[in-house]
Structure formats: structure tokens, C-alpha cells
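Submitted below is the structure of interest, expressed as C-alpha cells.
Just so you know, these numbers use all the heavy atoms, side chains as well, and skip hydrogens, waters and symmetry mates. From a predicted model like this one, the values you see are computed outputs, not experimental measurements. Chain letters run A, B, ... following the sequence lines, proteins first and then strands; every chain starts at 1.
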Protein chains: 2
Amino acid sequence: MPNCSMSQLPESSVADVPAPHAERPRYRVVADELRRRILTDAIPPGQLLPSETALIDEFGVSRGTVREALALLRAEGLAITEHGRGTYARPVLPVRRLGSERYRREVAQLSRDGPPETSFTRDQGIRWSAYQLEREFREVPASAAVAELFDLAPGTMLLERQFLFRAHGVPQQMSTSCYPLDLVVGTPVADPANEPWPGGNIDQLHTLGITVTRIRERVRARMPLAGETEALRIPSGVPVLAVTRQTHTGDRVVEVAVDIVLPADRTELVYDIDL
Amino acid sequence: MPNCSMSQLPESSVADVPAPHAERPRYRVVADELRRRILTDAIPPGQLLPSETALIDEFGVSRGTVREALALLRAEGLAITEHGRGTYARPVLPVRRLGSERYRREVAQLSRDGPPETSFTRDQGIRWSAYQLEREFREVPASAAVAELFDLAPGTMLLERQFLFRAHGVPQQMSTSCYPLDLVVGTPVADPANEPWPGGNIDQLHTLGITVTRIRERVRARMPLAGETEALRIPSGVPVLAVTRQTHTGDRVVEVAVDIVLPADRTELVYDIDL
DNA sequence: CAGTGGTCTAGACCACGCT
DNA sequence: GCGTGGTCTAGACCACTGT
């Protein structure tokens, strides 16, 4: 009975005021329904979602609300939007599988007969003709973080090598790899023209008389930085895998890759642990 | 002086029309400046950003524009917002390091003297008293995907075990792990009351007379699903690491964890590759 | 050109956290 | 109660993609 008087309230007019969101906010209702359609394959990967105008009509909400719902789906990695075209259910991309076998020299040796390979062209059958490598070499003093990974004094001079790797025209990976400068200065390894080096880092070190005995990789994930979003063409809602690699000879660290950045929608890392 | 003629333009009135965005959109200008402050530590982790009202005044834009800028920073994982309080520079969380040593039985044995440990309590010194485990066991037929990971026929009955793992009250991990039902039915392993099992899966299998020889982990990253965001209390802009694990005895797969889900802002996976 | 999304404004009211 | 962010509307104009 306390509510009997409710209907008598002078509610300005009728639906003049945006109804209060006592329950789930409207943009969530829209997002939930679209998410359902995507996850149940009612809208299969790659297919267009209804246009903003259509959603305004279907749900009876304003454009701002529709756009908020779509922004949520993008942040969840379920949809991508292209200006002038529309919003799509996120297509499933072919996955690049990176196994730890890629570091074994025997595998590298085998590929000598065919096209050049490195630790990141294996596991996918990418051919020499299908990938490009942009690189830039510099001599820099070790930062505190890198020095710690090398177990060297900060300021020790390093050869820093930055790579951007494309396969089939699509950027697949950025990385920064460092050697202690005194290890490589004056050798073919220090010459950018020799990249990509068949057999990769492990073979490079082998030509310097160094046999790699262990590699340690630390894997994290995060959202891409601004530069990475552009360079790797990462759509919103897609994280990156960030791998830090230490290459060991016995207890000595002879190479460090600070941040191997891989778009997570196209990459799987595979590790075997033998017990 | 270059602006003298400006005031003579018949610009309808004065600032009546939102200036066209010939260059960078305004919300990006706001976001770029705030990002700069965060990354240069002008606003250190955990500290409040200016309020929306303050940003409206500082940049002379509308509230919608300010909110769009903040949404961008959240999506980049740089800021988190709390209703009624404000927006903070994202605090740096203590990282849980998960090394592959955690699977070695010798390590598990060592911990027998102290509090119970599993493969996911090691590497962090978490004590029995500091973590809780929620679990739910079910008997289910293998889906096509799981059957393939086991190399078994789809429909084979499995014991499916779901876990939610908390440390210090904070949810740290969700996972679903499966054993072939005929392997464990009627044994202590099939009893949820025995979890957490000291020494973890590897020790469980050992009591069944099975010695694990190899573990394969496949690591991917993605944005969390709706349920994961709630269960693991993941703020927006933080991805999850999704690990698929196969536990081998020789060539036989005796355990599969379909999706070990780890919040990426609190986790680092470490793998050693011996060559 | 029409249709799509991108940017921006002004104003309204609701809900949370504090003091 | 005040200040914070959360939700929503209505309308405007810009910019891209197609025919």
C-alpha cells in the first residue's frame, strides 16, 4: 500500500525523463545481447554486427548508449570497428605456435638446406620469401634492469638490436635483443646486413665459440603501449605477450632480449618441461 | 599578432560550435597528457588523477570528452577508476612468479615437512594459512577439444575439477583440470575433501603408480570473460594468461588442464629450456 | 550520393564514498 | 551534504567507405 500514491505522482509527462537504471544499465543490456549473439555464433566471426542506427531502433536507446555497449565489446576483444564500414565480430586469426624446440641447434642445422630460418620462423613453415625483418643496431650502456638480467655492472656497453618481424606482410613481433659489446664487436654478428641470421642467436653465438646451454624465458601479458599498437597493428581489446629471454652458457648470461612483444591474438607459446 | 584577424571572423558567435578536430582529437590530447604524467611518474602508481571536473577546467572540454580520455587510459591498463573516489594511476602489484621447478617432485617432497604446497603455492612462499581453495568436482564426458588434448575418443568419461585459488584473500587463479575417470574413480584423488593435495597433481598421480615424465604448457593471453572478471576481480584493461597443460607419462596424457586462468597484472611465468 | 562510424557539446539525474 | 564518478539523452558536425 505504501506505493498506491505512486501512479498519482505528477511525472512531468510520460517518458520525458530517461528511466532510472534501477537494475542493469541499458548499455550493458545491449552489450550482453550482442555478446550472446557473438558467442553463440548467431553472428559468426568476421560478420557485421547491426549498425549503430539499427541498434538505436532495436533497443530504443540513444546513440551514446549504443556506442558505450560497442566500446565494451571492443575492450573485451569480441569486436572490432572499422570507420565507415561497421563493427564486426572479431575474426579468428591463424595462430603462430612457438615451441621451445625452436632453440635447438640441430633443428637450425636441418634448415640450412632450405631457406634461412631463425628461432621465430620455425613452427609455422614461413618461407624466406614470406617474411621481412626491419632492424636497427646501436651501442648503448646497460640500464639497471638489463644489467641485472646480464648480471653485469650497469653502464657496461652493449650491442642493442631492435627487430620488427613481418610474415606475409603482417607484423608479428617486435623485440630488442642485447649482446655484451666486447663479445661481438668486430665480428659478423655485429653487422646488421647479416640479419636475418640462419639459425638465429644460438648459431650466432656458436660462431663466436660459445655453446648455449640454457635459455630462460619469463612470460607476462599486458595491454600494448601506443607504439606497439601501431607497429604491430593491434586492434583494441587485444593484449600482447611480453617475453624476457636470457641466454646462458653455464652460469654466464650471453644474451638478453628485454621485451619480445607478440600480439596475443595470433600467438601461442609452447613449453615442454621434462621431469 | 597573428591572431588579430581571427576575432573578425563571423564565427556564428564565439565558441558556439565545437571546434573541428583538424588535428588530434581532443580526448586524445587529454589522454596523451595524462599518460605522460603517469609514465614519467609525475603521477606515481596508486595516486589520484585530477577529477573529471578539474580536467574539464584544465583542458576546456566537455565531460564526455574527459570521460573518453579516461576510458582510453583504463583500456591501456594505466588507470583504474573507483566510483565516488576517483581515478588512480594503476598501482604496481606484487608479482607471482611461477617457475617450471614447481613441477619437480623433489621440491614437493621437501615441502612435506612444512605446510601443504601445490604446484601453484610454490615460488611465492605462500603459507597454508594464507590461501584458500574452492573446488567443485564433476563427472563429465570429454568434449571434442579436451578429447584431442588427451588423445582419447570424444565422450570418454572424465573427472573434471574446477578450482578457484586465493592467496591473502585475493583471487589469484581459476582452473579446470581433468583426469580420465577410470584412472581415479574410487581413489582418494577423486575426493574433493583431499584438496589441496600436498605435492599437487604430480604427487596425486604418483600415488596411483604413475610417474610423470613430461609436462607441456601452451600459453596464450586474452581479455577476461565476464565470469573471470568477477571471480578474479580483474580491473578493466588487464588481460589474463590462459595456460593449457598436458601431463604426460611417456606418450600417454594422464591429465589435462584446459584453461588455467591467471590475472596478468600479478603473474609471471618462468620457463627454463635446457639445450 | 547515402550510410557508416568518429568526435564533441550541454544538460540531466543517479549512485557511491566520505565527513 | 558535497564531491566523486556512472548512466543517459538529443543534437550537431566531421570523416571514411561504398555506390
Side-chain angles (χ1 to χ4, degrees), chain A residues 9-32 34 43 47-75 79-90 229 235-237, chain B residues 11-32 34 43 47-75 79-90 229 235-237:
Chain A
L9 285 177
E11 253 213 22
S12 41
S13 64
V14 179
D16 153 32
V17 171
H21 29 272
E23 348 91 18
R24 218 160 56 206
R26 299 195 189 193
Y27 77 92
R28 281 193 173 281
V29 174
V30 178
D32 289 350
L34 293 176
I43 303 177
Q47 189 176 312
L48 271 177
L49 272 59
S51 74
E52 295 182 355
T53 316
L55 293 171
I56 290 169
D57 293 342
E58 177 177 352
F59 292 93
V61 296
S62 74
R63 188 167 172 225
T65 302
V66 163
R67 285 183 59 79
E68 207 165 346
L70 294 174
L72 186 54
L73 294 178
R74 279 195 300 272
I80 54 179
T81 297
E82 291 182 25
H83 194 171
R85 267 207 278 274
T87 300
Y88 300 82
R90 164 107 55 217
T229 304
S236 67
Chain B
E11 251 211 21
S12 43
S13 64
V14 181
D16 155 32
V17 171
H21 30 271
E23 349 91 20
R24 218 162 53 207
R26 299 196 189 191
Y27 77 92
R28 280 193 174 281
V29 174
V30 178
D32 289 350
L34 292 175
I43 303 177
Q47 189 176 311
L48 271 177
L49 271 60
S51 75
E52 296 182 355
T53 317
L55 292 171
I56 290 169
D57 293 342
E58 177 177 352
F59 292 93
V61 296
S62 74
R63 189 170 170 221
T65 302
V66 163
R67 285 185 58 80
E68 207 165 346
L70 294 173
L72 185 54
L73 294 178
R74 279 195 299 272
I80 53 178
T81 297
E82 290 182 26
H83 193 172
R85 268 207 279 272
T87 300
Y88 300 82
R90 165 104 59 213
T229 304
S236 66

Checklist line | Arg74(B): partners by side-chain hydrogen bond (donor to acceptor under 3.5 Å, both in side chains), with sequence neighbours left out | finding: Thr81(B)
Next item on the list: Could you pull out all residues at least two apart from Ile80(B) that satisfy side chain to side chain contact (heavy atoms under 4.5 Å, CB included)?
Entry: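 For Ile80(B), the residues satisfying side chain to side chain contact (heavy atoms under 4.5 Å, CB included) (neighbours in sequence not counted) are Tyr88(B), Arg90(B), Pro91(B), Pro235(B).
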Notebook entry, point to check: Per the atom types in the model, does the base of dT7(D) pair as donor or acceptor with the side chain of Arg63(B) at under 3.5 Å?
Noted result: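 Such a pair exists between side chain and base.
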Margin query: Whole angstroms only, please: what is the CD-C1' distance between Glu68(B) and dG5(C)?
Written below: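 In whole Å, dG5(C) C1' and Glu68(B) CD are 12 Å from each other.
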Next item on the list: For dC8(D), take OP1 and OP2 only and decide whether either is under 4.0 Å from a side-chain N or O of Arg67(A).
Entry: no
Check: Whole Å only: how far is the CG atom of Leu70(B) from the P atom of dG5(D)?
Finding: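 Nearest whole value for this atom pair: 8 Å.
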Check: Does Arg24(B) make a side-chain N or O approach to OP1 or OP2 of dT7(C) shorter than 4.0 Å?
Finding: no
Note to self: Using C1' atoms of five pairs at each end, report the bend of the helix from dA2(C)-dT17(D) to dC18(C)-dG1(D) rounded to 10 degrees.
What the structure shows: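 Terminal axis comparison yields 20°.
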Check: Counting side-chain heavy atoms from C-beta on, which of dC16(D), dT7(D), dT4(D) comes nearest to His83(A)?
Finding: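 In terms of side-chain proximity for His83(A), the closest of dC16(D), dT7(D), dT4(D) is dC16(D).
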Margin query: Quick check on dG6(C): is either OP1 or OP2 less than 4.0 Å from any side-chain nitrogen or oxygen of Thr81(A)?
Written below: no
Notebook entry, point to check: Sequence neighbours excluded, which residues qualify as salt bridge (Lys or Arg N to Asp or Glu O under 4.0 Å) partners of Arg28(B)?
Noted result: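 Counting only residues at least two positions away or on another chain, Arg28(B) forms no salt bridge (Lys or Arg N to Asp or Glu O under 4.0 Å).
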Note to self: Within the structure provided, determine whether Leu70(B) and Leu34(B) are in side-chain contact (heavy-atom separation under 4.5 Å).
What the structure shows: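 The answer is yes; the side chains approach within 4.5 Å.
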Notebook entry, point to check: The side chain of Ser51(A) lies closest to which of these nucleotides: dC8(D), dT4(C), dG5(D)?
Noted result: dT4(C)
Next item on the list: Kindly write out the residues that satisfy salt bridge (Lys or Arg N to Asp or Glu O under 4.0 Å) with Arg67(A), not counting sequence neighbours, or none if the list is empty.
Entry: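 For Arg67(A), the residues satisfying salt bridge (Lys or Arg N to Asp or Glu O under 4.0 Å) (neighbours in sequence not counted) are Glu52(A).
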Item checked: Asp32(A): salt bridge (Lys or Arg N to Asp or Glu O under 4.0 Å) partners, not counting sequence neighbours -> Arg24(A), Arg35(A)
Note to self: Rounded to whole Å, how long is the line connecting atom CZ of Arg26(A) with atom C1' of dA12(C)?
What the structure shows: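 Checked: the CZ to C1' distance equals 14 Å.
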Note to self: What is the distance, to the nearest angstrom, from the CD1 atom on Ile80(A) to the C1' atom on dG6(C)?
What the structure shows: 17 Å
Notebook entry, point to check: With Gln47(B), which residues qualify under side-chain hydrogen bond (donor to acceptor under 3.5 Å, both in side chains), at least two apart?
Noted result: none
Check: Can you tell me how far C1' of dG6(D) sits from OH of Tyr27(A), to the nearest Å?
Finding: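 Taking OH of Tyr27(A) and C1' of dG6(D), I get 7 Å after rounding.
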Note to self: Are Val61(B) and Val29(B) packed together at the side-chain level, in the sense that at least one heavy-atom pair is separated by less than 4.5 angstrom?
What the structure shows: no
Notebook entry, point to check: Side chain of Arg85(B): nearest nucleotide among dT7(C), dC8(C), dG17(C)?
Noted result: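 So the side chain of Arg85(B) is nearest to dG17(C).
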Checklist line | Under the side chain to side chain contact (heavy atoms under 4.5 Å, CB included) test, residues paired with Ser51(B) that sit two or more places apart | finding: Thr53(B), Ala54(B)
Note to self: Expected output is a numbered-order residue list: members of residues 52-62 of chain B with a heavy atom under 4.0 Å from any atom of DNA chain D. What is it?
What the structure shows: Glu52(B), Thr53(B)
